[in-house]
Amino acid sequence: MAAKSVDPPSLSYTQYNIRTRKPDPKSCALLVIDVQNHFASMAGPILPALNATIRLCRRASIPVFFTRHCDADPADYPMLAEWWGLDSRIVDGTAEAELMPGLDHAAGDPVVRKYTYSAFRGTGLEERLAGMGVREVIVTGVMTNLCCETNAREAFVRGFRVFFSTDATATSSEDLHVATLKNMAYGFAYLVDSVSLEKGLLG
């Protein structure tokens with residue numbers, strides 16, 4: 001019998017993934033964060049898992065919210081400009097700012113335009129979710145360690161139960177991805193993937 005492969009401790013989040021729970025479709029929403037052309041190199045490889053998650057949520061009558069990051073004037077959010085530089089701005093109205101082709105986005109799906117890592121800042125998202133009776137969110141998209149992690153933390157401190165996808169999120173490197181999964185499992189979110197979601201929602 002072949003020996004079971006074990007991730008080195010630095011590359012594994014499993015030691016922190018000790019809590020399990022199934023999302024409640026009656027009070028849940030799916031957040032698809034910033035799957036835009038600007039992030040195509042990161043988001044492309046996870047599109048199959050991401051689309052599977054979106055379609056699964058639709059089958060379970062879970063509303064799907066998409067976000068688009070569009071940078072405001074640097075004077076309005078100076079820290080983003082300081083951190084990443086003006087050359088990295090995502091300008092609304094350009095191809096870079098549009099949702100990626102191949103993403104399962106339907107015409108009636110709400111799209112939240114945001115100007116910083118958080119989709120909860122100045123967008124009305126929290127109020128919309130509360131008005132729909134949403135008390136849980138599933139976080140997917142890019143980048144795992146920036147906008148996805150920020151929105152998971154923001155949702156948690158606002159009283160939402162958070163589920164964080166391990167296979168429908170992505171970022172620029174595996175170590176940053178895993179670092180976020182460790183943080184999420186330790187203090188903020190139940191970790192899920194497209195397979196466990198299917199079992200939890202439709203099984």
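Only this structure's heavy atoms are used, side chains among them; waters, hydrogens and symmetry mates stay out. Count residues from 1 along the sequence.
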Participant: About how many Å separate CZ of R21 and CD of E136, when rounded to the nearest 0.5 Å?
Facilitator: 6.5 Å

Participant: Mark yes or no for whether S118, through its side chain, and C147, through its backbone, hold a donor-acceptor pair below 3.5 Å.
Facilitator: no

Participant: Are M143 and L176 linked, directly or through other ILVMFWY residues, by side chains that come within less than 4.5 angstrom of each other?
Facilitator: no

Participant: Of the non-hydrogen atoms in T67 and Q36, which two are nearest, and what is the gap between them?
Facilitator: O-OE1, 4.4 Å

Participant: Going by heavy atoms in the side chains, are F163 and L197 under 4.5 Å from each other?
Facilitator: no

Participant: Looking at V139, T144, T140, which one forms a side chain to side chain contact (heavy atoms under 4.5 Å, CB included) with S165?
Facilitator: T140

Participant: About how many Å separate SG of C28 and CZ of R135, when rounded to the nearest 0.5 Å?
Facilitator: 10.5 Å

Participant: Run V162 and F188 through side-chain contact (heavy atoms from CB on, under 4.5 Å) and show every step you take.
Facilitator: CA-CA 7 Å; V162 181; F188 297 97; 5.8 Å; no

Participant: Consider only side-chain heavy atoms of I, L, V, M, F, W and Y, link residues closer than 4.5 Å, and tell whether I54 and I138 are in one cluster.
Facilitator: yes

Participant: Linking I/L/V/M/F/W/Y whenever any side-chain heavy atoms sit under 4.5 Å apart, do V35 and F39 land together?
Facilitator: no

Participant: Is the backbone N or O of V142 less than 3.5 Å from a side-chain atom of T169, with the two atoms forming a donor-acceptor pair by type?
Facilitator: no

Participant: Please round to the nearest 0.5 Å and tell me the distance separating atom OG1 of T123 and atom CZ of R121.
Facilitator: 11.0 Å

Participant: Is there a donor-acceptor contact under 3.5 Å from the side chain of H69 to the main chain of A119?
Facilitator: no

Participant: Mind checking the SG-CG spacing from C148 to D34? Nearest 0.5 Å is all I need.
Facilitator: 7.5 Å

Participant: Side-chain heavy atoms under 4.5 angstrom apart, residues restricted to Ile, Leu, Val, Met, Phe, Trp, Tyr: same cluster for L80 and V91?
Facilitator: no

Participant: Taking all non-hydrogen atoms of both residues, which atom of L202 and which atom of L56 are closest, and how far apart?
Facilitator: CD1-CD1, 3.1 Å

Participant: If we only count heavy atoms from C-beta on, is the F120 to T150 side-chain gap below 4.5 Å?
Facilitator: no

Participant: Would you compute the distance between atom NZ of K114 and atom CD1 of I33 and round it to the nearest 0.5 angstrom?
Facilitator: 6.5 Å

